[in-house]
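Note sheet for the following structure.
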Amino acid sequence: MKLSQFVATVSLVIASGCLVNAYAAEHGSIDKVLGSASVSSNQHYGDISLVNGSIQMASNSSAKTVSTVNGSIELRDNIKLHGASTVNGSIESGSGLQVADELSTVNGKILPGSNAVIGGNISTVNGDIVLDNSEVGQDVSTVNGDIKLSGNTVVKGDLIYKPRGKKSSFFGWSNNSKPTLYIAADAVVQGNIILEQEVELQIENPAMQAKVITRINDGR
């Protein structure tokens, strides 16, 4: 006797008219403290939640919310998710990623691959963000990392460099290097480009230069 199949479909309509079918869960959920999780091609899961372990998803697979604390999230081509988050780890994907909500990490880079559609925010604290021919429905933000928008990337919200904390550590070490913001000629930020720290700007389109708002508080 076959198990009945539970199929859940979450859809997101992006303003450009792109329809994202986020997931169709037919293999249940994964929830564990120790160990990694691996999803094979064309498999569709509910929530995947780990504490100490990485998550790998093969091409053409999907899940609801994918999250871990100590581990990376590695995605191949044409993955569909509701959202993905980690604390200590990077989020990297092949082409064609579709995410209904957000991508977030604290200590790690976010590389969604080319032709990604992200419905919510993309955020990290200590890591780079690279977007290529992609669309982000809300904000893109980092503190200590470079941001690169290439191709025909569109950010519909703001692009934000949040302020750094104290520069001097207990041992007297300080980091005075500036992160770099690169925006290609055909990339667009529909909101503002908000700089709350010093950033090296490499912006090829003068229209994007005009969107820069500097809000640096030097503590004086």
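This chain uses plain numbering: 1 for the first residue, then up along the sequence.
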Electrostatic pair Glu198:Lys178 at N-O distance under 4.0 angstrom: yes

Exercise: identify the closest heavy-atom pair between Ala63 and Ile48: CB-CD1, 4.1 Å

Ser36 side chain to Ser54 side chain, donor-acceptor N/O pair below 3.5 angstrom: yes

Donor-acceptor contact present, side-chain Asn152 to main-chain Asn133, <3.5 Å: no

Non-hydrogen atoms of Gly113 and Ser134 that approach each other most closely: O-OG, 3.5 Å

Verdict with reasoning, Asp132 to Leu149, per side-chain contact (heavy atoms from CB on, under 4.5 Å): CA-CA 6 Å; Asp132 178 37; Leu149 309 183; over 6 Å; no

Test log, rule side-chain contact (heavy atoms from CB on, under 4.5 Å), inputs Lys32 and Leu50: CA-CA 5 Å; Lys32 54 185 177 179; Leu50 309 181; 3.5 Å; yes

Test item: Thr124 side-chain N/O and Gly108 main-chain N/O as donor-acceptor pair under 3.5 Å: yes

For Ser93 against Arg76, the heavy-atom pair lying closest together: OG-O, 3.6 Å

Full working for side-chain contact (heavy atoms from CB on, under 4.5 Å) between Lys148 and Asp128: CA-CA 8 Å; Lys148 180 179 181 181; Asp128 300 338; over 6 Å; no

Thr142 (side chain) donor-acceptor with Gly127 (main chain) under 3.5 angstrom: yes

Donor-acceptor under 3.5 Å (Asn115 side chain, Gly96 main chain): no

side-chain hydrogen bond (donor to acceptor under 3.5 Å, both in side chains) partners of residues 181-194, not counting sequence neighbours, each pair once: Tyr182-Glu204

